[in-house]
**Q** 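Input: one structure, supplied below.
Here the structure is a predicted model, which is why all the values come from computation and not from measurement.
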Amino acid sequence: MSIGNNLRVLRAKKNISQQEIADFLGIDRKTYVSWEAESADIKSSYIPKLAEYLEVEINDLFSEKVNKIVINQQNSDNKDSSTNNSIVLLLTDKEMVDQVMDVIKKKFEN
């Protein structure tokens, strides 16, 4: 897994925006976006700060094995005063999709 993808997964796990990370680092959001897209290299001075903000070890930014299941629950109010609950799963490889599907199948077998 690439550092850009790791940044995206770790950021999603913490439920923070690209803008929030950019603000913490004192950089433009476009610069951060280019790191996730891997269209620009990250200056080495930002790597410890990224690890600190994402609450991971520096090695985790470069790891091939980042916990790839991300569950993000968002609640939003609809105009008709009902509540819309949604869950977003960010699954970055087929292995994680298969694991989630197994859990879902077991849940609904009964």
Side-chain angles (χ1 to χ4, degrees):
M1 190 178 305
S2 63
I3 188 168
N5 195 43
N6 285 351
L7 287 172
R8 188 172 28 264
V9 169
L10 292 167
R11 181 176 57 78
K13 283 176 64 175
K14 301 296 279 181
N15 195 26
I16 54 179
S17 70
Q18 293 171 329
Q19 186 64 57
E20 289 172 306
I21 293 179
D23 290 346
F24 174 79
L25 297 172
I27 60 173
D28 189 74
R29 182 183 161 277
K30 290 180 183 180
T31 300
Y32 179 79
V33 169
S34 70
W35 295 349
E36 280 193 6
E38 296 190 13
S39 59
D41 292 331
I42 303 171
K43 290 184 181 179
S44 60
S45 61
Y46 290 111
I47 291 175
K49 294 175 185 176
L50 280 166
E52 173 190 346
Y53 192 73
L54 295 168
E55 298 177 331
V56 297
E57 298 293 325
I58 290 173
N59 291 342
D60 295 333
L61 298 175
F62 300 94
S63 175
E64 292 296 317
K65 284 284 189 182
V66 170
N67 185 357
K68 298 173 188 126
I69 296 179
V70 177
I71 300 174
N72 183 4
Q73 184 171 358
Q74 299 175 338
N75 296 325
S76 59
D77 293 329
N78 293 328
K79 291 180 182 176
D80 64 0
S81 73
S82 65
T83 302
N84 179 20
N85 294 319
S86 61
I87 296 175
V88 177
L89 298 174
L90 175 59
L91 306 171
T92 57
D93 64 25
K94 185 178 179 332
E95 178 184 330
M96 299 308 325
V97 171
D98 292 342
Q99 288 179 11
V100 169
M101 290 307 298
D102 288 343
V103 169
I104 291 170
K105 286 175 185 174
K106 289 177 185 173
K107 176 74 175 171
F108 292 102
E109 277 181 348
N110 300 327

**Q** Within this structure, what is the OG1-CZ distance for the pair T31 and R29, rounded to the nearest 0.5 Å?
**A**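 Atom-to-atom, T31:OG1 and R29:CZ are 10.5 Å apart.
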
**Q** Hey, does the side chain of Q18 reach the backbone of V33 with a donor-acceptor pair shorter than 3.5 angstrom?
**A**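 No; zero donor-acceptor contacts below 3.5 Å.
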
**Q** Would you say D41 has more than 12 foreign heavy atoms packed within less than 6.0 Å of its CG?
**A**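 At most 12 heavy atoms, drawn from other residues, nucleotides or ligands, come within 6.0 Å of this atom.
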
**Q** Could I get the full list of side-chain hydrogen bond (donor to acceptor under 3.5 Å, both in side chains) partners for E57, not counting sequence neighbours?
**A**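 E57: no side-chain hydrogen bond (donor to acceptor under 3.5 Å, both in side chains) contacts found.
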
**Q** To the nearest 0.5 Å, what is the distance between CZ (R8) and CD (E38)?
**A** 8.0 Å

**Q** Closest approach of F62 and I47, non-hydrogen atoms and distance?
**A** CZ-CD1, 3.7 Å

**Q** Extract all donor-acceptor atom pairs below 3.5 Å that involve side chains of residues 19-27 and protein atoms in other chains or at least two apart in sequence.
**A**
unit_1 : atom_1 : unit_2 : atom_2 : d
Q19    : NE2    : D23    : OD1    : 2.7
E20    : OE1    : S17    : N      : 2.6
E20    : OE1    : S17    : OG     : 3.4

**Q** Which is it for L61 and I3 under the side-chain contact (heavy atoms from CB on, under 4.5 Å) test, yes or no, and what are the steps along the way?
**A** CA-CA 6 Å; L61 298 175; I3 188 168; 4.2 Å; yes

**Q** Between I42 and L7, what is the shortest heavy-atom contact and its length?
**A**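 Reported closest heavy-atom pair: CD1-CD1, 3.8 Å.
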
**Q** How many angstroms lie between atom CG of N59 and atom CG of N6, to the nearest 0.5 angstrom?
**A**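 Separation between the atoms: 11.5 Å.
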
**Q** Check salt bridge (Lys or Arg N to Asp or Glu O under 4.0 Å) between D98 and all other residues, then give those that pass, not counting sequence neighbours.
**A** K94

**Q** For the residue pair V56 and L50, establish whether any side-chain heavy-atom pair is separated by less than 4.5 Å.
**A**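 V56 vs L50: side chains apart.
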
